[in-house]
Amino acid sequence: MRTLVGLLTSNHALLQLEAARCLHELSHSEQSVVAEACLPATSYLLTYLSGHSSDFIELCLYTLGNLIVESETVRRQLLPQGIIPALAVCIQSPHVAVLEALGYALSQLLQAKEAPEKIIPSILASTLPQHMLQLLQPGPKLNAGVAVEFAWCLHYIICSQVNNALLITYGALSTLGLLLLDLAGAVQRTEDAGLELLACPVLRCLSNLLPEAAVETMGGQMQLRDERVVAALFILLQFFLQKQPSLLPEGLWLLNNLTANSPSFCTSLLSLDLIEPLLQLLPVSNVVSVMVLTVLCNVAEKGPAYCQQLWPGPLLSSLLHILAFSDTEVVAQSLELLQLLFLYQPEAVQAFLQQSGLQALERHQEEAQLQDRVYALRQTALHR
């Protein structure tokens with residue numbers, strides 16, 4: 001290691017590069033003792049981040065990222081050595097390869113167990129968040145590889161809940177909302193299945209930020225009509241259904257958060273005739289079924305005017321079909337939706353009874369977790 005550090009700090013550019021490559025190979029080790037053996041080199045790797053060779057900077061960043069993963073001791077040393085200011089300088093690089101390497105190193109730092117207390121507050125106090133959001137701005141300069149790295153970085157920061165209000169003041173909701181629209185447009189223009197790599201962290205970021213901002217305010221901040229957001233989300237849901245069904249819950253989670261407290265987003269769902277496309281997702285999996293039914297409950301909870309638009313339609317036949325399911329959570333959520341419909345739309349009770357709804361309920365009256373709901377729903381139906 002002394003020899004490597006000596007070569008790394010020599011005046012010979014080729015020897016420096018080869019020494020850095022040796023350190024990079026060592027950094028791939030999964031043993032923390034190897035990462036800690038590289039400690040004498042970390043201050044030099046940081047110093048070289050302000051150099052002129054983009055290839056050398058890229059190599060230093062990947063090496064630092066690997067070392068960060070394996071050792072808390074390394075992370076403890078890098079923080080006082082100034083890794084965050086060094087990264088804040090690097091993020092202004094015009095080189096795509098450097099930015100991707102920076103995103104990798106930063107994401108490793110953000111995933112450290114001590115990040116919420118010891119790392120993220122310093123990152124939020126730097127210029128990194130504003131630059132990250134700039135790199136996520138839709139447009140001709142948007143690079144998919146760079147955007148994916150920094151979208152995940154933003155996700156880790158948001159999940160820490162250290163200061164999401166600050167990110168919102170920086171325009172995070174606006175940037176992510178516009179990026180969502182851009183992704184929906186890209187899906188319509190291309191068959192590239194790699195788009196889910198960016199869609200997943202963007203959806204998660206929006207889903208996690210929404211509870212910390214008034215949804216109605218969000219619409220204003222994004223300067224978008226609600227219909228555009230909902231329409232874009234459904235384009236992505238259809239894309240996931242065809243290409244990557246495992247990502248459907250990500251999109252439905254965002255739709256749930258959009259509709260939970262916002263009548264206007266529920267109105268958009270109805271005015272765009274998206275209830276039937278939503279119901280078509282029910283057979284995908286139990287997890288997807290529960291999330292679809294939760295979104296429908298969000299709409300029904302808004303009152304009689306909303307339930308009137310849900311009913312009549314394909315909803316009743318879908319709910320009767322679900323009552324034949326054996327999954328308790330799916331059935332419980334369908335019972336919740338039926339209860340709301342019975343409350344706000346009396347005609348639904350009659351239609352339910354006419355289509356053997358009570359017999360469907362009786363299948364579940366012996367299940368401990370569903371007994372109370374089945375009884376309450378049965379009483380409501382009979383007394384209507």
Side-chain angles (χ1 to χ4, degrees), residues 177 180 203 206-207 210-211 213-219 222 224-238 240-241 248-323 325 329-352 357 373 376-377 380-381 384:
L180 184 76
L203 289 168
L206 278 169
S207 296
L210 281 177
V215 178
E216 301 298 344
T217 305
M218 189 203 80
M222 289 200 296
L224 302 171
R225 292 180 297 122
D226 299 336
E227 286 84 352
R228 291 183 66 191
V229 179
V230 175
L233 189 49
F234 267 82
I235 289 168
L236 288 173
L237 287 172
Q238 290 300 314
F240 295 154
L241 183 62
L248 282 170
E250 305 288 352
L252 289 168
W253 182 27
L254 175 56
L255 187 60
N256 172 55
N257 287 351
L258 285 170
T259 55
N261 300 304
S262 172
S264 58
F265 278 107
C266 292
T267 299
S268 298
L269 203 61
L270 293 167
S271 64
L272 292 171
D273 293 324
L274 293 173
I275 299 302
E276 192 162 351
L278 196 58
L279 293 173
Q280 289 170 2
L281 301 178
L282 286 170
V284 174
S285 70
N286 289 338
V287 170
V288 168
S289 293
V290 170
M291 298 185 83
V292 167
L293 291 166
T294 303
V295 170
L296 292 170
C297 282
N298 291 343
V299 177
E301 281 172 354
K302 302 302 181 288
Y306 291 84
C307 288
Q308 192 173 5
Q309 293 184 71
L310 284 175
W311 199 279
L315 186 55
L316 177 59
S317 59
S318 296
L319 289 174
L320 288 169
H321 178 69
I322 286 169
L323 290 177
F325 284 20
E329 195 176 356
V330 175
V331 173
Q333 199 61 45
S334 68
L335 295 177
E336 180 76 21
L337 180 54
L338 278 168
Q339 190 72 55
L340 288 165
L341 289 168
F342 287 1
L343 176 64
Y344 292 123
Q345 188 70 12
E347 293 88 344
V349 178
Q350 191 63 34
F352 182 75
R373 291 190 184 191
L377 197 61
T380 302
R384 281 280 182 176

* Steps toward side-chain contact (heavy atoms from CB on, under 4.5 Å) verdict (Leu335, Leu319) -> CA-CA 9 Å; Leu335 295 177; Leu319 289 174; over 6 Å; no
message = Determine whether Asn298 and Leu269 satisfy the following criterion, side-chain contact (heavy atoms from CB on, under 4.5 Å), listing intermediate values before the conclusion.
response = CA-CA 11 Å; Asn298 291 343; Leu269 203 61; over 6 Å; no
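Taking each heavy atom of Ser207 and Asn257 in turn, the nearest pair found is O-ND2, 2.8 Å. Between Gln308 and Gln345, the shortest heavy-atom contact is CA-OE1, 3.5 Å. Nearest heavy atom pair, residue Tyr344 against residue Glu301, reads OH-O, 4.1 Å. Between Cys307 and Ala300, the shortest heavy-atom distance links the atoms SG-O, 3.4 Å.
Here the CZ atom belonging to Phe240 is positioned 10.0 Å from the CG atom belonging to Leu252, to the nearest 0.5 angstrom. In this structure, Asn256 CG and Cys297 SG are separated by 10.0 Å, a value rounded to the nearest 0.5 Å. In this structure, CZ on Phe342 lies 9.5 Å from CG on Leu337, to the nearest 0.5 angstrom.
For Glu347, the CD atom sits in a packed shell: over 12 heavy atoms of surrounding residues, nucleotides or ligands are nearer than 6.0 Å.
No side-chain donor-acceptor contact under 3.5 Å links Ser262 to the backbone of Thr259. For Lys302 (side chain) and Ala260 (main-chain N/O), a donor-acceptor pair under 3.5 Å exists by modelled atom type.
At a threshold of 4.5 Å between non-hydrogen side-chain atoms, the residues Leu258 and Leu206 do not count as touching. Between Leu233 and Phe265 the shortest side-chain heavy-atom distance does not fall below 4.5 Å. The shortest side-chain heavy-atom distance between Leu236 and Leu180 falls under the 4.5 Å cut-off.
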Hey, can you pull the donor-acceptor pairs under 3.5 Å for the side chains in residues 272-285, sequence neighbours left out?
{"unit_1": "Ser285", "atom_1": "OG", "unit_2": "Val288", "atom_2": "N", "d": "3.1"}

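The side-chain contact (heavy atoms from CB on, under 4.5 Å) search around Gln309 returns Leu270, not counting sequence neighbours.
Screening Val290, Leu254, Val287 against Pro249 for a side chain to side chain contact (heavy atoms under 4.5 Å, CB included) leaves a single residue, Val287.
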